[in-house]
Asker: 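Submitted below is the structure of interest, expressed as structure tokens.
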Amino acid sequence: MAKEAQTAISPTRAEDYPEWYQQVIRAADLAEASPVRGCMVIKPWGYAIWERMQAVLDEMFKDTGHVNAYFPLFIPKSFLEKEAEHVEGFAKECAVVTHHRLEAGPDGGLVPAGPLDEPLVVRPTSETIIGAMFAKWVNSYRDLPLLINQWANVVRWELRTRLFLRTTEFLWQEGHTVHATGEEAREHTRRMLGVYATFAEETMAMPVVMGEKTAGERFPGAVSTYSIEAMMQDGKALQAGTSHFLGQNFSRAQEIRYQSQEGQLEYAWTTSWGVSTRLVGALIMTHSDDDGLVLPPALAPQQIVIMPIYRNDEQRAEVLAYCERLKAELHDVRWRDDRLRVQIDDRDLRGGEKAWDHIKKGVPVRLEVGPRDIANDSVFMGRRDLGPKEKKGVARAEFVAGVGALLDEIQAGLYQRALAFREANTTQLESRAAFEAYFAEGNTEMAGFAWCYAADDPAYEDLLKELKVTARNIPLADNAATGTCIFTGKTGVPRTIFARAY
RNA sequence: CGGGGCGUAGCGCAGUCUGGUAGCGCGCCAGCUUUGGGAGCUGGAUGUCGCAGGUUCGAAUCCUGCCGCCCCGACCA
């Protein structure tokens, strides 16, 4: 009997973390594999979460002066070839369109026909095609800065895929900007990294470390790559967003030039930055528990679900009317500049089953309203951040008056819990021996983030490979601090975060 | 793309070694009983056993090839 299960998700995180991750996605009905290898179908609840992410981020981009545009899915092969490092970085994982027609084949099937003069690459990212347009749009210093964002799908032919974390096709946004000076472009790169960090922490309730990537982890063609890194509940790091300072590499490759105030023709400075549907995976692995998804209120497509309880049609009418009034009342409440997102779930399901459905989907607040509550003008409330049985009656008026504070409390609590977890699994390591011991197979302590003074040097890359550890980033908050590299003995090097990663 | 594992009803699995043409639990449908917590009883529907060949009187089961999924590795957001 299902009721005997202690948790809604089986296996639990402790039993089998990767399998748990997949079961949460299934239980919350977020996505599933499609007939197309490596490509997923994002189902309505999962897509609604992505739409929330888009809505919040889009506003943040607009607030920092960006406008949206849309560029082609197809990129002529020659465009990608313009920037040497860029070609090398992406060549291995590109889908290529070589024909423009299908014809009837010998076996009643269809065969490609009409070869293209120049193959088209399905965009793995759009620096080159956007750059080609920017070259036309930018003429004078008066045209700068040019701040563009695109919401799009991209394709990277990955060998190993996992729902949300790495799929062949994924959804993302890519910001592309052009600036007159290197300082301004670099500053913008950092600003957008800050936007991502703010989004992660305030909306997703996911603590992140902002930092600069080491040379080996840099975006192909970038001068500097910055990332926000989050810790998942298995201690692994997940890169949740990146921001690249491209220097003049792409403007030189694509002739993005402007005439300065002094009348000189100068190469412009560009940036690019992106976050993807991978954030949904990050969200799952940051907050969810053995009963399924846990959504922070700011991101929840439905923040409150009202479940009417009744025994007959007469009660049904009365209870539903009460619920509708309550919903309207809550809908008028503003929280974080938005109306509350409230749903009445009147599906013909048993109470327990219905409640568990919303628990598995991560809805922050559940309200059960039956004749007994109505008699007291109250609601019976359950919170997703507490246990499934920890429910309590609250006077309706009190609930409505305090709902904003309640959502704040849940949001803040999730962040604090995730932060405490990260801090409990973060350590500073002072020697190579300590490093090896920390990431050793047999270590019973969870291998989380290790902060180490380390030179950005290929000298110890074999060790990292052997331990399956990667340099995540060099934290910006650490800026001035330097020490002696635990691997090479070099002095005056910054601290780097090392971890196993997704 | 290398190593390992797995594809049997919507989901989870047994059956495969020792060929005889399919079963269990959950879910689903119907009826009755229940109803503030993932209901109970009774009855019922659902499978080209991943795909394609081969061996055989007969293949989920044996053989060959392919595809897909999962885990680990290499590569990556």
Side-chain angles (χ1 to χ4, degrees), chain A residues 1-11 16-19 21-23 26-27 29 32-40 88-94 124-125 154-174 196 213 216-220 225 227-230 237-244 272-282 291-292 307-312 315-316 319 348-360 366-374 379-382 388-389 391 393 441 465-466 468 470 500-502:
Chain A
M1 246 311 298
K3 191 171 184 176
E4 286 160 17
Q6 291 289 311
T7 58
I9 304 297
S10 174
D16 185 344
Y17 195 82
E19 182 62 20
Y21 174 77
Q22 298 193 103
Q23 292 305 326
R26 188 210 299 268
D29 209 21
E32 63 184 68
S34 75
V36 187
R37 181 196 189 114
C39 296
M40 66 176 166
E88 209 181 313
F90 284 104
K92 283 171 288 183
E93 51 188 41
C94 286
T125 179
V154 286
V155 166
R156 294 182 191 175
W157 214 264
E158 299 291 349
L159 299 174
R160 185 175 164 197
T161 59
R162 311 185 68 180
L163 291 179
F164 289 112
L165 297 177
R166 176 162 294 107
T167 47
T168 300
E169 178 187 18
F170 57 97
L171 306 183
W172 79 344
Q173 59 68 216
E174 48 182 322
Y196 289 153
K213 285 289 191 184
E217 304 282 327
R218 209 174 276 153
F219 176 76
T225 287
S227 72
I228 52 171
E229 301 284 332
L238 187 139
Q239 177 176 310
T242 50
S243 187
H244 314 291
S272 68
W273 27 275
V275 296
S276 72
T277 37
R278 184 178 226 207
L279 286 177
V280 178
D291 286 327
M307 291 175 280
I309 290 159
Y310 48 81
R311 290 167 197 243
N312 52 49
Q315 280 187 350
R316 179 172 188 271
V319 171
D348 184 18
L349 289 179
R350 311 202 67 74
E353 193 179 349
K354 191 184 286 186
W356 277 103
D357 190 52
H358 293 289
I359 289 171
K360 286 185 285 194
R366 305 183 304 279
L367 298 180
E368 295 162 14
V369 176
R372 238 152 53 199
D373 307 292
I374 295 175
V379 297
F380 207 60
M381 178 189 70
K389 308 272 188 232
K391 296 181 289 190
E441 289 287 334
K465 190 170 264 188
E466 187 188 323
K468 300 168 197 165
T470 53
R500 297 211 170 94
Y502 279 96

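Only a predicted model underlies this, so the values are computations on that prediction, with no experimental measurement involved. Numbers restart at 1 for each chain; the letters A, B, ... are given by sequence-line order, proteins then strands.
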Asker: Looking at B:rC32, which nucleotide sits across from it as a Watson-Crick or G-U wobble partner, both distances under 3.5 angstrom, or is there none?
Answerer: B:rG40
Asker: Would you indicate what A:Lys354 reaches in the nucleic acid, counting non-hydrogen atoms under 4.0 angstrom: base, sugar-phosphate, or nothing?
Answerer: nothing
Asker: Quick one: does A:Asp357 reach the base of B:rG38 with a side-chain donor-acceptor pair under 3.5 Å?
Answerer: no
Asker: Within the structure shown, what part of the strands sits under 4.0 Å from A:Lys360 by heavy-atom distance: base, sugar-phosphate, or nothing?
Answerer: base
Asker: How long is the gap from CZ on A:Arg37 to OG1 on A:Thr161, to the nearest 0.5 Å?
Answerer: 7.5 Å
Asker: On a whole-Å scale, what distance lies between the P atoms belonging to B:rC6 and B:rG44?
Answerer: 36 Å
Asker: Given the C1' atoms of B:rG68 and B:rU8, what is the spacing between them in whole Å?
Answerer: 15 Å
Asker: Given B:rG73, is OP1 or OP2 found less than 4.0 Å from the side-chain N or O atoms of A:Lys468?
Answerer: yes
Asker: Nearest 0.5 angstrom please: A:His244 NE2 to A:Thr125 OG1, how far?
Answerer: 7.0 Å
Asker: Under 4.0 angstrom, heavy atoms only, what part of the nucleic acid is A:Glu158 near: base, sugar-phosphate, or nothing?
Answerer: base
Asker: So A:Arg162, base contact, sugar-phosphate only, or nothing? Heavy-atom distance under 4.0 Å.
Answerer: sugar-phosphate
Asker: What distance do A:Glu158 atom CD and A:Leu165 atom CG have between them, rounded to the nearest 0.5 Å?
Answerer: 11.5 Å
Asker: Specify the closest pair of heavy atoms between A:Asp291 and A:Ala8, including all atoms of both residues, with the distance to one decimal.
Answerer: OD1-N, 2.9 Å
Asker: Could you tell me which residues satisfy side chain to side chain donor-acceptor pair (under 3.5 Å) with A:Lys391, sequence neighbours excluded, listed by chain and number?
Answerer: A:Glu368
Asker: For the C1' atoms, the ones on B:rA60 and on B:rG50, what distance do you get once it is rounded to whole angstrom?
Answerer: 12 Å
Asker: State the pairing partner of B:rU21; accept Watson-Crick or G-U wobble contacts with both distances under 3.5 Å, and report none otherwise.
Answerer: none
Asker: What is the base-pairing partner of B:rG2, counting Watson-Crick and G-U wobble geometry with both distances under 3.5 Å?
Answerer: B:rC72
Asker: List, with names and distances, any nitrogen or oxygen atoms from the protein found under 3.5 Å away from nitrogen or oxygen atoms belonging to nucleotides 4-13 of chain B.
Answerer:
unit_1 : atom_1 : unit_2  : atom_2 : d
B:rC11 : O3'    : A:Arg26 : NH1    : 3.2
B:rG12 : OP1    : A:Arg26 : NH2    : 3.1

Asker: Sort out the partner of B:rA77 for me: Watson-Crick or G-U wobble, both distances under 3.5 Å, none otherwise.
Answerer: none
Asker: With a cut-off of less than 4.0 Å, is there a side-chain N or O of A:Arg311 near OP1 or OP2 of B:rU34?
Answerer: no
Asker: If you check every side-chain atom of A:Thr167, which of B:rA77, B:rG38, B:rC71 has the closest atom?
Answerer: B:rA77
Asker: Which whole-number value in Å describes the distance from A:Glu93 CD to B:rC1 C1'?
Answerer: 14 Å
Asker: Check whether any side-chain nitrogen or oxygen of A:Arg372 sits under 4.0 Å from OP1 or OP2 of B:rG36, and answer yes or no.
Answerer: no
Asker: What donor-acceptor contacts under 3.5 angstrom involve side-chain atoms of residues 167-174 of chain A, with partners at least two apart or in another chain?
Answerer:
unit_1   : atom_1 : unit_2   : atom_2 : d
A:Thr167 : OG1    : A:Glu169 : O      : 2.7
A:Glu169 : OE2    : A:Asn153 : ND2    : 2.8
A:Trp172 : NE1    : A:Glu174 : OE2    : 3.4
A:Gln173 : OE1    : A:Tyr196 : OH     : 2.5
A:Gln173 : OE1    : A:Val275 : N      : 2.9
A:Gln173 : NE2    : A:Asn149 : OD1    : 2.8
A:Glu174 : OE1    : A:Ser126 : N      : 2.9
A:Glu174 : OE1    : A:Ser126 : OG     : 3.4
A:Glu174 : OE1    : A:His176 : NE2    : 2.7
A:Glu174 : OE2    : A:Ser126 : OG     : 2.7
A:Glu174 : OE2    : A:Gln150 : NE2    : 3.0

Asker: Figure out the CZ/P separation between A:Phe219 and B:rA77, and round it to whole Å.
Answerer: 8 Å
Asker: Look only at the side chain of A:Arg156 and the backbone of A:Pro124, and say whether a donor-acceptor pair between them is shorter than 3.5 Å.
Answerer: yes
Asker: Mind calculating the distance between CG (A:Leu349) and C1' (B:rG27) to the nearest angstrom?
Answerer: 12 Å
Asker: Find the partner of B:rC51: check Watson-Crick (N1-N3 plus N6-O4 or O6-N4) and G-U wobble (N1-O2, O6-N3) distances, both under 3.5 Å, and reply none if neither fits.
Answerer: B:rG65
Asker: Look only at the side chain of A:Tyr21 and the backbone of A:Leu163, and say whether a donor-acceptor pair between them is shorter than 3.5 Å.
Answerer: yes
Asker: Using heavy-atom distances to pick each residue's nearest nucleotide on RNA chain B, tell me which of A:Arg218 and A:Gly38 is more 5'.
Answerer: A:Gly38
Asker: Distance check, C1' atoms only: B:rC66 and B:rU56, in whole angstrom units.
Answerer: 23 Å
Asker: Roughly, in whole Å, what's the span from OH in A:Tyr502 to C1' in B:rC72?
Answerer: 13 Å
Asker: In whole Å, what separates the P atom of B:rC51 from that of B:rC75?
Answerer: 36 Å
Asker: Would you measure the distance from the C1' atom in B:rG15 across to the matching atom in B:rC62 and give it in whole Å?
Answerer: 16 Å
Asker: From CD1 of A:Ile228 over to P of B:rA77, roughly how many Å is that when rounded to an integer?
Answerer: 14 Å
Asker: Can a salt bridge be assigned to the pair A:Lys213 and A:Glu229 using a cut-off of 4.0 Å between side-chain N and carboxylate O?
Answerer: yes
Asker: When you get a sec, tell me which of B:rG38, B:rG73, B:rA77 is the closest nucleotide to the side chain of A:Trp356?
Answerer: B:rG38
Asker: What's the closest nucleotide to the side chain of A:Gln22 if the choices are B:rA77, B:rC70, B:rC75?
Answerer: B:rC70
Asker: Give me the atom names and distance for the closest heavy-atom approach of A:Gln315 to A:Arg311.
Answerer: OE1-N, 2.6 Å
Asker: Using the C1' atom in both, what is the distance from B:rA39 to B:rG58, to the nearest Å?
Answerer: 46 Å
Asker: Between A:Ser34 and A:Ile374, name the one whose nearest nucleotide on RNA chain B is closer to the 5' end.
Answerer: A:Ile374
Asker: If you compare every side-chain N and O of A:Arg37 against the phosphate oxygens of B:rG68 (OP1, OP2), does one of them come in below 4.0 Å?
Answerer: yes
Asker: In whole angstroms, how far is the P atom of B:rG36 from the CZ atom of A:Arg316?
Answerer: 18 Å
Asker: Pick base, sugar-phosphate or nothing for A:Phe380, based on heavy-atom distances below 4.0 Å to the nucleic acid.
Answerer: base
Asker: Rounded to the nearest Å, what distance is computed from the CG atom of residue A:Leu367 to the C1' atom of nucleotide B:rG36?
Answerer: 14 Å
Asker: Classify A:Ser276 by what it touches in the nucleic acid, base, sugar-phosphate, or nothing, heavy-atom distance under 4.0 Å.
Answerer: base
Asker: If I pick the C1' atom on B:rG38 and the same atom on B:rG27, what distance separates them, to the nearest angstrom?
Answerer: 13 Å
Asker: Just by modelled atom types, is the A:Phe164 backbone N or O under 3.5 Å from a matching donor or acceptor in the A:Arg278 side chain?
Answerer: no
Asker: B:rC70 C1' sits how many Å from A:Glu32 CD, rounded?
Answerer: 16 Å
Asker: Need one value for A:Ile359: base, sugar-phosphate or nothing, where a base atom within 4.0 Å counts as base even if backbone is also close, heavy atoms only.
Answerer: nothing
Asker: Could you tell me whether A:Pro388 contacts a base, only the sugar-phosphate backbone, or nothing, with contacts defined as non-hydrogen atoms closer than 4.0 Å?
Answerer: nothing
